[in-house]
Amino acid sequence: MSGINLVEAVRTALARALADDETVLVLGEDVAKDGGVFRATDGLHARFGGRRVFDTPLSEALFAGLAVGLSAQGFRPVAEFQFMGFLYPAIDQLANHASRLRNRTRGRLSCPMVVRAPYGGGIHAPEHHSESFESMLAHIPGLRVVIPSSPRRAYGLLLAAIRDPDPVVFLEPKRIYRARREEVADDGAAAPLDRCFVLRDGADLTLVAWGASVADALAAADALAGEGVEATVVDVATLKPLDEDTLLASVARTGRCVIVHEAPLTAGFGAEIAARLVDRGLTSLLAPVRRVAGYDTVMPLPRLEHCYMPGGPEILAACRDVLEYR
Amino acid sequence: MSGINLVEAVRTALARALADDETVLVLGEDVAKDGGVFRATDGLHARFGGRRVFDTPLSEALFAGLAVGLSAQGFRPVAEFQFMGFLYPAIDQLANHASRLRNRTRGRLSCPMVVRAPYGGGIHAPEHHSESFESMLAHIPGLRVVIPSSPRRAYGLLLAAIRDPDPVVFLEPKRIYRARREEVADDGAAAPLDRCFVLRDGADLTLVAWGASVADALAAADALAGEGVEATVVDVATLKPLDEDTLLASVARTGRCVIVHEAPLTAGFGAEIAARLVDRGLTSLLAPVRRVAGYDTVMPLPRLEHCYMPGGPEILAACRDVLEYR
Amino acid sequence: MTRIETFTVEHVGFLDADGNAAAELPPGAGEADALRALYRAMVLTRTFDAKAIALQRTGRLGTFASSLGQEAVAVGVAAAMRAEDVLLPSFREQGAQLWRGVRPVELLLYWGGDERGSDFRDAREDFPICVPVGTHAPHAAGVALAFRLRGEARVAVCVLGDGATSKGDVYEAMNFAGVESLPVVFVVNNNQWAISVPRARQTAAATLAQKSVAAGFGGVQVDGNDVIAVRHVVAEAVERARAGGGPALVEALTYRLGDHTTADDASRYRDDAEVTERWHLDPAARLRRHLAARGEWDDAREHALEADCETRVEAAVDEYLAIPPQPPRAMFDHLYGTLPAALSDQAAHCAARGSAAEAEPST
Amino acid sequence: MTRIETFTVEHVGFLDADGNAAAELPPGAGEADALRALYRAMVLTRTFDAKAIALQRTGRLGTFASSLGQEAVAVGVAAAMRAEDVLLPSFREQGAQLWRGVRPVELLLYWGGDERGSDFRDAREDFPICVPVGTHAPHAAGVALAFRLRGEARVAVCVLGDGATSKGDVYEAMNFAGVESLPVVFVVNNNQWAISVPRARQTAAATLAQKSVAAGFGGVQVDGNDVIAVRHVVAEAVERARAGGGPALVEALTYRLGDHTTADDASRYRDDAEVTERWHLDPAARLRRHLAARGEWDDAREHALEADCETRVEAAVDEYLAIPPQPPRAMFDHLYGTLPAALSDQAAHCAARGSAAEAEPST
Ligand SMILES: Cc1ncc(C[n+]2csc(CCOP(=O)(O)OP(=O)(O)O)c2C)c(N)n1
Ligand SMILES: Cc1ncc(C[n+]2csc(CCOP(=O)(O)OP(=O)(O)O)c2C)c(N)n1
Ligand SMILES: [Mg+2]
Ligand SMILES: [Mg+2]
């Protein structure tokens with residue numbers, strides 16, 4: 001099958017950014033010779049050299065803060081966190097510094113940096129390797145939080161993130177790193193960072209998802225189509241700032257909405273979307289807004305992981321609930 | 001005026017817990033001789049000694065992890081973070097360890113620890129001293145997140161938190177540390193950790209808040225009463241686990257709901273409550289659920305702080321909107 | 001300009017690569033029965049590791065971190081501890097865990113993706129494997145402080161990698177241990193690599209032992225492929241800590257002969273020649289040669305040991321493979337001491353889903 | 001047992017408490033004009049601090065952290081830097097900021113609760129005050145790496161407190177600076193206290209200078225109340241770093257004569273006697289005595305200086321008090337490079353609210 005998969009699209013975008021702009025740097029643990037544990041940076045060290053693509057010591061707080069210092073000096077560092085579960089020590093730098101430096105200094109200093117991290121479950125990874133806490137990051141003012149769901153969007157959104165003048169957290173759904181190939185023109189074209197993508201159009205129901213859950217939502221929509229139900233599928237893509245208008249417009253039409261995410265339900269980002277709908281879209285709601293999400297439990301180790309992950313059956317059950325609601 | 005204020009209630013509860021249970025420890029920065037920068041631990045070092053009440057080095061990640069080790073060994077450490085803005089470095093220990101140790105070991109080891117932090121704005125504090133990110137913590141499975149809104153509840157909830165067999169984040173709204181005195185019987189009675197408190201009853205509207213915003217909500221309810229509108233005011237108190245039933249029951253009656261919090265709107269905990277209402281309470285909703293929250297901005301420095309904080313006028317405006325909605 | 005402080009780092013080793021005593025063994029350190037026990041433990045660990053890799057390769061275990069070539073560190077450390085001490089391992093100290101009574105089947109369960117693997121039947125106070133690198137160092141300080149508060153003569157032993165020494169929390173924990181003079185020993189299992197990042201890119205410090213200078217206590221380097229030296233140096237540190245002498249840092253120099261984990265391919269970033277070279281320092285062969293030269297080991301014993309290790313590991317594998325997964329609802333069972341009512345719907349949903357779900361492979 | 005590494009810490013000081021040269025001054029270090037400039041900067045800093053405290057006490061400034069008694073550290077550090085270097089201060093280095101061109105009115109705006117105070121008209125690349133202790137250390141490493149990547153002969157200078165040396169991120173930053181041999185100098189402004197926690201409870205390390213041993217580079221201790229020594233030692237470190245010699249750590253021993261901040265009451269936790277004792281080591285008096293003994297300072301100059309500092313600070317205060325707050329919508333103006341459309345409603349709401357709001361006191 002031709003085309004490239006999502007992790008290759010990430011790599012292609014990184015290479016393009018490194019080639020186009022000499023202020024772009026790639027750093028993190030094992031990103032140089034090893035090419036990243038998922039090979040997202042494979043070949044970049046050989047091609048762009050150790051000055052531009054380098055390994056840091058095993059110090060997540062350090063390299064987040066390093067990116068703050070580098071970007072305040074005009075570089076565009078792209079820092080890879082090996083897994084999202086190891087990003088916690090960097091939240092301090094993201095919340096107290098990266099997201100604020102521009103505001104604190106009235107624009108004198110700023111942080112055009114990107115933080116990348118593979119996230120999410122479903123690959124039978126070891127303990128602490130399957131986390132999704134995008135909503136925690138989406139709560140931090142001054143950040144952007146972006147999550148691609150396909151190779152093409154990964155390429156365009158990552159380029160946009162790198163070119164953005166402010167800090168962007170770019171979360172890569174590792175469950176679909178190699179799930180699907182598609183043709184991605186390496187044309188340097190960035191995708192918009194402030195827009196949801198409507199991937200499928202239907203008048204009966206709006207399915208909202210991001211990351212790896214988008215494929216699940218599309219599959220559910222396919223299944224529903226077989227039953228004569230036409231669902232719109234929205235890939236949120238940029239959680240922060242949130243393109244509320246696209247979501248409201250879709251639900252204004254369908255009146256029914258199911259939101260899907262892997263992260264635990266409580267205070268997950270699905271809540272924000274539901275809250276926007278009940279604030280500005282109440283009149284259009286013909287049914288409760290359902291969230292199909294992870295349980296409020298610690299992500300179980302691999303043997304039970306499949307019982308945690310919200311999947312096809314859960315999504316379809318929620319859709320049917322919402323569709324049957326009168 | 002007789003009675004004690006909120007910070008004194010915290011101190012009274014700490015003293016009671018230290019006296020009742022010799023496994024209870026108090027630790028943090030400046031909690032010993034200095035008695036904490038807000039004096040929450042004043043006198044405890046003198047009374048219980050340096051073995052039970054001690055200063056740590058300036059290392060937030062350390063003392064969060066220290067509490068994990070101590071509690072796994074059967075102690076009940078109560079760790080004070082000087083301000084919530086300095087709790088970020090401890091999120092790693094809370095999310096990757098404290099909240100999981102019991103689950104990871106199938107109950108063999110557990111973390112009966114409490115993390116206390118003054119939080120929120122409104123006292124003209126320096127930069128980084130006015131943060132509210134309770135929703136980030138409420139997203140972490142295995143934690144409890146508790147926020148008192150009065151001296152009496154502070155006393156009872158803190159005792160409950162200390163006695164709870166699992167890690168509890170106890171956030172103290174410093175804006176009302178000294179706002180109001182009330183009689184608090186030092187009777188060792190804990191308040192329930194899984195319940196919202198209905199502070200005022202009214203059939204026209206449900207006002208939901210926690211922490212310092214509860215007083216604002218009550219004031220708004222008073223103002224509305226003057227206009228003949230009777231509002232229920234719910235103090236959420238325990239954000240996680242959330243007592244959804246009390247909230248649903250109230251909105252089932254009033255049909256109208258306004259949620260108030262200081263934290264930035266997006267992915268704030270208000271979203272979770274709104275999402276629950278639109279999931280399970282849609283039919284009772286007579287109006288959009290409004291969130292009166294902080295802007296999605298960095299908390300401004302003191303000169304503009306009052307323009308960030310959601311206050312009386314904002315709450316009343318939202319209430320009127322919701323009340324007038326047909 | 002006045003010199004106000006001087007610090008030194010010492011290196012300790014007894015056996016050379018051929019197993020000859022290059023330095024005089026400390027009194028008692030050469031006792032044959034004890035050395036044979038160490039040797040057996042190293043071979044058991046190696047057998048376990050090899051089997052775990054094989055299980056992973058055939059889809060019956062998750063990602064696994066082998067300790068090939070590093071067995072002397074884990075075994076030496078564990079042998080230096082008392083049963084009542086507490087071990088806080090990282091994820092490559094199965095040799096220490098096995099010595100301390102963690103059962104092979106428990107390790108397999110853990111790496112096979114089952115939380116019950118961390119519910120050790122014995123070693124009840126030992127910490128589970130720690131994956132987020134270095135984050136267990138503050139726990140070790142907490143455990144040590146607990147011992148001190150209760151007046152117990154026990155010691156916490158925290159093992160971490162060379163990469164972990166770059167983590168701020170490890171430094172913070174050492175610094176606090178220094179302040180409180182806690183009964184805790186930090187052992188750096190320096191296998192020269194943190195995945196693909198070599199030791200030299202991790203820090204400019206000439207030794208990792210000197211990391212403790214920043215925390216105000218001593219550090220010592222030991223030949224980590226010399227189990228006698230590891231046991232001796234760690235035991236000295238542990239007993240000093242037990243006696244109130246405060247914390248210590250031990251850097252054990254060893255080498256990761258295998259891939260970082262089964263998910264890694266070390267040939268991408270390091271020379272095979274380097275690995276071949278390092279095989280000459282194999283800690284198990286070294287001790288075997290030492291014992292053999294003293295007439296305390298022979299082929300018959302070797303074959304018996306191999307067979308015994310095989311049998312024990314095979315038995316554990318059989319036991320492991322026969323254990324059905326927990327029911328889905330298990331993810332709620334130990335989330336809190338008592339499940340909050342607010343979660344009962346979720347738990348019920350999960351339980352129902354479990355009974356509906358078709359079984360998935362155990363990794 | 002073989003000794004494999006030895007590390008030493010040196011202490012540097014030139015002037016004794018009376019201002020006499022106890023050791024020979026380095027060549028050029030005694031130049032009178034330069035010393036008078038240092039003295040003037042210390043007195044200006046002290047005048048500024050006193051005024052800021054007065055403003056706070058009368059409700060016209062927010063919480064403020066005075067540097068009383070520590071002026072020699074801030075001034076000495078700044079005097080050792082070149083204009084093109086970058087300063088990353090904590091929150092008690094106004095002496096260094098003023099030297100580098102940050103205007104008193106900007107400092108007042110900042111502490112008065114106005115973000116414009118960190119939009120320095122000059123010193124455009126210097127970092128703003130850092131409140132979360134130690135978190136600016138990684139930034140300093142990043143700035144230094146930026147210099148190196150661009151091939152610029154510039155140095156990042158990061159000043160932090162004794163308490164900050166307990167933070168893991170400070171260690172991580174030093175460690176990385178060591179690995180990359182970055183042009184960065186870390187200066188520990190050791191004023192013996194972190195709010196109420198004395199230096200001895202912060203770490204068991206005999207000196208804070210030795211913290212860099214863990215990071216593989218040198219540390220030196222300097223008498224932080226001897227501005228000549230501070231300037232000299234920091235300049236040596238800065239120039240070595242500029243020349244490619246890598247990072248350094250300088251511990252400056254001084255004392256916080258005042259409260260931690262205006263929100264603090266140090267009498268709760270420390271003896272007045274200790275403070276009185278430490279007044280004898282006052283760095284400003286020391287340099288004045290030194291200059292006076294050399295005939296390079298006199299009462300007339302002192303009075304002129306006092307008057308000049310008063311005038312400059314008063315002018316800054318007047319300017320500060322006359323600056324109206326930003327409009328409320330300012331909180332959206334620099335949140336992002338371009339405000340996302342998704343936030344325009346919020347910004348409009350805020351703007352409207354501002355026009356309605358009655359003015360509040362500026363703290
Ligand atoms: C905080 C954190 N960051 C990253 C990782 C991913 N990771 C797992 S092991 C490892 C290298 C660890 O090196 P070292 O400490 O030397 O231990 P070793 O694996 O060599 O035993 C890394 C980067 C992790 N587990 N935790
Ligand atoms: C990470 C963090 N924790 C706690 C605080 C609260 N706090 C402000 S200053 C301070 C003490 C700092 O001591 P030191 O580093 O010695 O600097 P000094 O104030 O003495 O100049 C503390 C604990 C903070 N600002 N940041
Ligand atoms: Mg290693
Ligand atoms: Mg200090």
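Keep in mind it's a predicted model, so treat the numbers as computed, not measured. Below, chains carry the letters A, B, ... as their sequence lines are ordered, and counting in each starts from 1.
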Answer yes when B/D194 and B/K240 have at least one side-chain N-carboxylate O distance shorter than 4.0 Å, and no when they do not.
no
Between the side chains of C/R242 and C/D85, is the shortest nitrogen-to-carboxylate-oxygen separation below 4.0 Å, so that they form an ion pair?
yes
To the nearest 0.5 Å, how far apart are CG in C/L108 and CZ in C/F48?
4.0 Å
Is it the side chain or the backbone of [X] that comes within 4.5 Å of chain C heavy atoms, both, or neither?
{"X": "B/S59", "result": "both"}
{"X": "B/F63", "result": "neither"}
{"X": "B/N103", "result": "both"}
{"X": "B/L109", "result": "side chain"}
{"X": "B/L25", "result": "side chain"}
{"X": "B/L101", "result": "side chain"}

Part of [X] lying under 4.5 Å from any heavy atom of chain B:
{"X": "C/A330", "result": "both"}
{"X": "C/F127", "result": "both"}
{"X": "C/V179", "result": "side chain"}
{"X": "C/V170", "result": "neither"}
{"X": "C/L149", "result": "both"}
{"X": "C/R121", "result": "neither"}

Listing request: all side-chain hydrogen bond (donor to acceptor under 3.5 Å, both in side chains) pairs with a residue in residues 81-97 of chain B, at least two apart in sequence or in separate chains.
A/H128-B/N96, B/D30-B/Q82, B/D92-B/N96, B/Q93-C/H139, B/H97-C/T135
So does [Y] get a backbone contact from the side chain of [X], meaning a donor-acceptor N/O pair under 3.5 Å?
{"X": "B/R253", "Y": "B/S284", "answer": "no"}
{"X": "C/T165", "Y": "C/D162", "answer": "yes"}
{"X": "C/D126", "Y": "C/L87", "answer": "yes"}

So, C/E93 versus C/S90: side-chain donor-acceptor pair below 3.5 Å or not?
yes
